[in-house]
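Bear in mind the structure is a predicted one, so any value in this text is a computation, not a measurement.
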Amino acid sequence: MQFSITSMSLVQQIRQAGIEAVKALYNQDIQPDQLTVNETKPEFDGDYTIVMFSLTKFTRQKPEESGKTVGDWLTGHHPDIFKKYNVVKGFLNLSISDPYYVSFLQSSLTKNTVPQVNGKKVMVEFASPNTNKPLHLGHLRNIFLGAAISNILEANGYEVIKANLVNDRGIHICKSMVAWLHYGNDVTPESSGIKGDHLVGDYYVKFNDVYKKQMEELIHSGKSKEEAEKEASILKEAQEMLLKWEQDDQETRKLWAKMNGWVYKGFEETYRRMGVSFDKMYYESETYLLGKEIVEEGLKKDIFFKKPDGSVWIDLTKEGLDEKLLLRADGTSVYMTQDLGTAQLKYDDYHIDQSIYVIGDEQNYHMKVLKLILQKLGKPYADGIEHLSYGMVELPGGRMKSREGTVVDADDLMDEMIQTAAKHTEELGKVKDFSGEELEKLYEVLGMGATKFYLLRVNPKRKMVFNPEESIDFHGFTGPFVQYTYARIRSILRKEEIQTNRPISHALLPLEKAIIIQSEKYEQALSAACIEMDPSIIANYAFETAQIFNSFYTEYSVINAESDEKKSLRLQLCHATAMAISDSMGLLGITAPERM
RNA sequence: GGUCCGGUAGCUCAGCUGGAUAGAGCAUCAGCCUUCUAAGCUGAGGGUCAUGCGUUCGAAUCGCAUCCGGAUCACCA
């Protein structure tokens with residue numbers, strides 16, 4: 001059987017050949033997952049290793065013997081792929097032929113990189129901010145994750161709809177509104193020069209200050225803490241305002257629309273700087289009443305039940321969960337009611353095959369229940385619901401606490417990272433010929449690259465520590481390191497023309513081979529990142545690619561290579577690496593600069 | 001208490017569909033810029049993979065138990 005170079009990864013091809021060998025030699029049919037193929041450890045001779053231990057039941061030979069037998073067969077029947085082999089204990093170490101590597105490299109350079117569409121439509125919901133305060137570090141992780149996974153899905157052939165469900169109503173925004181009415185003196189973003197989301201956030205803080213003071217006074221006058229919490233007049237005002245809002249009081253609605261408008265303008269500016277955009281905005285003020293029909297439906301189907309007080313529940317004790325409230329006794333919605341409705345709305349709007357929610361892991365239980373309920377209702381979209389759950393971002397001192405003022409503001413952080421990028425760039429002085437505009441652009445690319453990489457390099461489900469000192473380090477496992485590698489390559493490629501198909505007959509050096517193997521692993525990383533919903537796989541891949549290239553770069557010269565042939569080969573290696581880096585960084589929403 | 005997630009080098013993290021002597025980055029120490037960008041490279045030290053038992057030719061990886069940390073189990077969102 002001839003292998004098509006573009007359709008299978010090297011490992012897959014080796015595995016396939018191994019299966020063939022077992023069939024031919026032992027007349028046994030084995031499945032791909034029964035054959036372990038690893039990269040050979042550097043201390044042994046070879047490139048890839050087939051582990052023979054698990055095959056003893058098929059070969060009825062000692063691993064060492066069957067290793068030899070299979071090794072002979074492979075080198076005999078596929079001399080184009082397998083150059084030689086050796087067997088150590090039960091490990092069959094295979095050396096891949098250099099021409100085979102070179103053909104891999106050259107075909108990858110001319111390959112068309114447009115993803116093959118798979119016809120599936122997926123919605124990714126992320127960001128989902130409240131409108132009472134500006135975005136913070138936690139939102140950054142959420143948004144970068146959402147944007148990255150959207151890119152990854154697209155690169156895997158999905159049609160992606162990026163959605164943002166804005167929590168624009170509720171008691172929290174009323175708090176900002178009340179405080180602004182009392183203490184704002186009609187201040188606006190324009191009159192104060194303060195970004196809209198920050199201005200509204202300031203009044204949310206003001207509300208809490210006043211609330212706290214009023215509570216203290218009440219406690220001082222003899223009330224209990226619980227009483228004080230409920231009776232503080234400013235809280236009552238906020239509650240009244242929420243009520244008025246729900247009764248569609250025009251004045252309240254006007255103020256609400258005005259202040260939310262400020263916030264949206266501020267958010268848009270932040271999104272723009274992050275380089276993210278959304279295809280669809282949902283607003284809770286428009287969706288919070290949805291879901292009641294679904295509750296009716298569930299009652300009719302006897303999947304939900306009504307308690308004597310009129311409240312509606314679902315019993316999930318058989319599934320090992322609890323009873324879950326779906327509608328209050330007074331007929332008003334709870335969070336879950338809305339989410340049921342929104343899930344339906346998303347499906348009605350786009351007929352999506354999958355719906356991914358980028359939400360923190362504190363809502364794991366909620367998301368599990370949401371999916372389960374929709375499954376029980378037999379909704380066609382239920383199985384497609386996926387929770388991309390991520391852990392909290394903590395500071396070295398522990399969790400961010402607004403009361404202690406340790407919340408890291410998104411805008412501030414991005415500013416700092418960009419300033420740091422500027423500082424480093426100036427110190428190094430490599431781009432002194434850049435115009436002011438070009439410099440601004442570069443600082444932004446580097447600062448944002450550092451920030452995104454720092455937040456995306458960790459497996460999402462893990463909670464992570466944001467160390468401010470570490471994050472502004474641009475060395476090592478960082479975005480700028482990878483970006484720098486790209487700039488180095490581009491510097492070479494600007495100087496030399498590249499021929500993509502020049503025949504290469506000389507033996508590959510280990511580092512040359514390593515580059516080909518690494519660039520060949522891109523597809524694997526891309527698909528793993530999609531399946532696992534984990535952009536950190538891509539970040540790690542990009543870093544390893546850069547690492548390998550830098551070792552090669554210091555060891556060998558490209559432009560002054562030993563021969564024209566080597567020069568040609570190395571230019572191709574540069575090109576392949578540049579593509580792997582810019583593609584993988586692109587998936588993370590990071591630009592790789594031409595120079596830095 | 002139930003459920004879920006995590007515990008790998010001083011710190012931050014990879015590795016987890018079982019494979020050879022467990023890897024990076026930071027930090028520490030020692031080297032490398034008259035040659036393609038030193039935001040780089042090379043090397044050294046640093047580990048009871050939380051603990052115990054089990055499955056296996058083989059366990060950081062799988063199973064059970066225990067300990068530690070976190071989240072969640074609201075007529076909150």
Side-chain angles (χ1 to χ4, degrees), chain A residues 33 36 38 40-41 43-44 49 51-54 56 62-63 88-91 93 130 167 169-172 284 288 307 309-313 319-330 332-336 338-339 360-366 368-369 389 391-392 394 396 399 421 424-425 427-428 430-431 446 450 454 457-459 461-467 469-471 473-485 487-496 536-537 539-540 543-544 546-547 549-561 567 570 574 595-596:
Chain A
D33 59 355
T36 310
N38 297 325
T40 305
K41 295 257 167 191
E43 56 269 37
F44 298 95
T49 297
V51 181
M52 302 305 298
F53 295 102
S54 52
T56 45
K62 286 186 181 155
V88 180
K89 290 193 277 181
F91 299 97
N93 300 322
N130 290 353
N167 187 357
R169 61 164 285 280
I171 190 74
H172 51 83
E284 283 202 17
Y288 81 111
K307 287 199 176 174
D309 66 0
S311 58
V312 179
W313 298 73
E319 283 78 14
L321 305 173
D322 301 285
E323 288 185 351
K324 188 81 187 171
L325 176 81
L326 300 175
L327 205 60
R328 293 195 186 99
D330 62 7
T332 56
S333 298
V334 290
Y335 185 35
M336 186 59 80
Q338 290 180 47
D339 270 6
D361 61 8
E362 71 272 12
Q363 294 197 33
N364 284 354
Y365 180 76
H366 177 80
K368 194 172 168 184
V369 171
S389 167
M392 186 111 24
E394 295 181 356
R399 297 176 64 163
H424 287 226
T425 306
E427 279 171 5
L428 292 166
K430 293 179 182 179
V431 286
L446 295 177
Y454 188 85
R457 67 185 204 181
V458 181
N459 186 323
K461 72 181 178 192
R462 282 179 86 114
K463 77 177 179 203
M464 66 175 290
V465 176
F466 182 87
N467 184 330
E469 279 169 30
E470 191 183 88
S471 70
D473 186 1
F474 286 4
H475 304 268
F477 188 20
T478 66
F481 168 86
V482 181
Q483 291 171 314
Y484 173 69
T485 309
R488 283 177 129 184
I489 298 172
R490 289 303 308 158
S491 166
I492 294 173
L493 293 177
R494 273 195 301 276
K495 294 180 179 124
E496 295 285 341
S536 77
I537 292 172
N540 276 288
F543 174 65
E544 280 163 23
Q547 243 183 345
F549 185 84
N550 279 322
S551 294
F552 162 79
Y553 180 94
T554 27
E555 188 79 16
Y556 304 106
S557 179
V558 175
I559 289 171
N560 298 312
K567 180 168 169 179
R570 288 178 189 168
C574 286
R595 292 179 56 194
M596 64 184 273

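A/Phe543 comes within contact range of the sugar-phosphate backbone alone, with a heavy-atom separation under 4.0 Å but no base atom that close. Residue contacts shown for A/Asp322 are limited to sugar-phosphate atoms, with no base heavy atom under 4.0 Å away. Heavy atoms of A/Asp330 sit nowhere under 4.0 angstrom from any nucleic acid atom. At a threshold of 4.0 angstrom between heavy atoms, the contacts of A/Met464 are confined to the sugar-phosphate backbone, with no base atom among them. At a threshold of 4.0 angstrom between heavy atoms, the contacts of A/Leu321 with the nucleic acid are absent. The residue A/Tyr484 sits close to a base: some heavy atom pair falls under 4.0 Å. Using a 4.0 Å heavy-atom cutoff across all strands shown, A/Asn167 reaches sugar-phosphate atoms only and no base atom. Residue A/Arg399 is classed as a sugar-phosphate contact, given heavy-atom separations below 4.0 Å to backbone atoms only. Residue contacts for A/Phe474: at a heavy-atom cut-off of 4.0 Å it reaches a base atom on one of the strands shown. The residue A/Thr332 sits apart from the nucleic acid: no heavy atom pair falls under 4.0 Å. Across all strands, A/Gln363 comes closer than 4.0 Å to base atoms (heavy-atom distances). At a threshold of 4.0 angstrom between heavy atoms, the contacts of A/Glu496 with the nucleic acid are absent. Counting any heavy atom pair closer than 4.0 Å across all strands shown, A/Asn467 reaches no nucleic acid atom. Residue A/Ser389 is out of contact with every strand shown, counting any heavy-atom pair closer than 4.0 Å.
Ring-base stacking between A/Phe91 and B/rG19 is not satisfied when judged by a centre separation under 5.5 Å and a plane angle under 30°. Residue-nucleotide stacking is not present for A/Phe53 and B/rG58, judged by a side-chain ring centre under 5.5 Å from the six-membered base ring centre and planes under 30° apart.
A gap of 8 Å separates the P atoms of B/rA50 and B/rU61, to the nearest Å. B/rA27 and B/rG10: their C1' atoms are spaced 8 Å apart (whole Å). Rounded to whole Å, the separation between the C1' atoms of B/rU34 and B/rG23 comes to 37 Å.
Going from atom CG of A/Asp361 over to atom P of B/rC73 covers 12 Å, rounded to whole Å. What separates OH of A/Tyr365 from P of B/rU72 is a distance of 13 Å, to the nearest Å. In this structure, A/Leu428 atom CG and B/rU37 atom C1' are separated by 10 Å, rounded to whole Å. In this structure, CD of A/Glu43 is placed 8 Å from P of B/rG23, rounded to the nearest angstrom. B/rU12 atom C1' lies 5 Å from atom CD of A/Glu470, rounded to whole Å. At whole-Å resolution of the value, CD in A/Gln483 and C1' in B/rG40 are 15 Å apart. In this structure, CG of A/Leu325 is placed 10 Å from P of B/rA74, rounded to the nearest angstrom. Atom OH of A/Tyr454 is separated from atom P of B/rC13 by 7 Å (rounded to the nearest Å).
The shortest side-chain heavy-atom distance between A/Phe44 and A/Thr49 does not fall under the 4.5 Å cut-off. Put simply, the side chain of A/Phe549 reaches to within 4.5 Å of the side chain of A/Phe552, judged on heavy atoms. A/His366 is listed as a side-chain neighbour of A/Asp339, based on a closest heavy-atom distance under 4.5 Å. Using a 4.5 Å cut-off on side-chain heavy atoms (C-beta onward), A/Tyr553 and A/Ile489 make no contact. Side-chain contact between A/Tyr288 and A/Ser333 is absent, with no heavy-atom pair separated by less than 4.5 Å. Between A/Leu493 and A/Arg490 there is a side-chain heavy-atom pair separated by less than 4.5 Å.
With hydrogens and angles left out, the side chain of A/Thr554 and the base of B/rA38 share no donor-acceptor pair within 3.5 Å. At a cut-off of 3.5 angstrom, the base of B/rA38 holds no donor-acceptor pair with the side chain of A/Asn550.
Checking B/rA14, B/rA20, B/rU37 against every side-chain atom of A/Val458, the shortest atom distance belongs to B/rA14. Picking from B/rC4, B/rC41, B/rG7 the nucleotide with the shortest atom distance to the side chain of A/Asn364 gives B/rC4. Closest contact between the side chain of A/Arg457 and the listed nucleotides B/rA14, B/rU12, B/rC36 involves B/rU12. Side chain of A/Ser311, nearest nucleotide from B/rC75, B/rU21, B/rA77: B/rC75. Side-chain proximity of A/Lys463 to the nucleotides B/rU37, B/rG69, B/rU3 is greatest for B/rG69. Checking B/rU3, B/rG25, B/rA14 against the side-chain heavy atoms of A/Phe477 singles out B/rG25 as nearest. Which of B/rA77, B/rG19, B/rC41 sits closest to the side chain of A/Ser54 comes down to B/rG19.
Cation-pi geometry between A/Arg457 and A/Phe543 is not satisfied (NZ or CZ under 6.0 Å from the ring centre, within 45° of the ring normal).
Using a 4.0 Å cut-off, some side-chain N or O of A/Lys495 falls inside it from OP1 or OP2 of B/rU37.
At a threshold of 4.0 Å, the pair A/Lys324-A/Glu319 does not count as salt-bridged, since none of the basic side-chain nitrogens sits closer than that to a carboxylate oxygen.
Applying the 90° criterion around 0 to the glycosidic angle, B/rC33 comes out syn.
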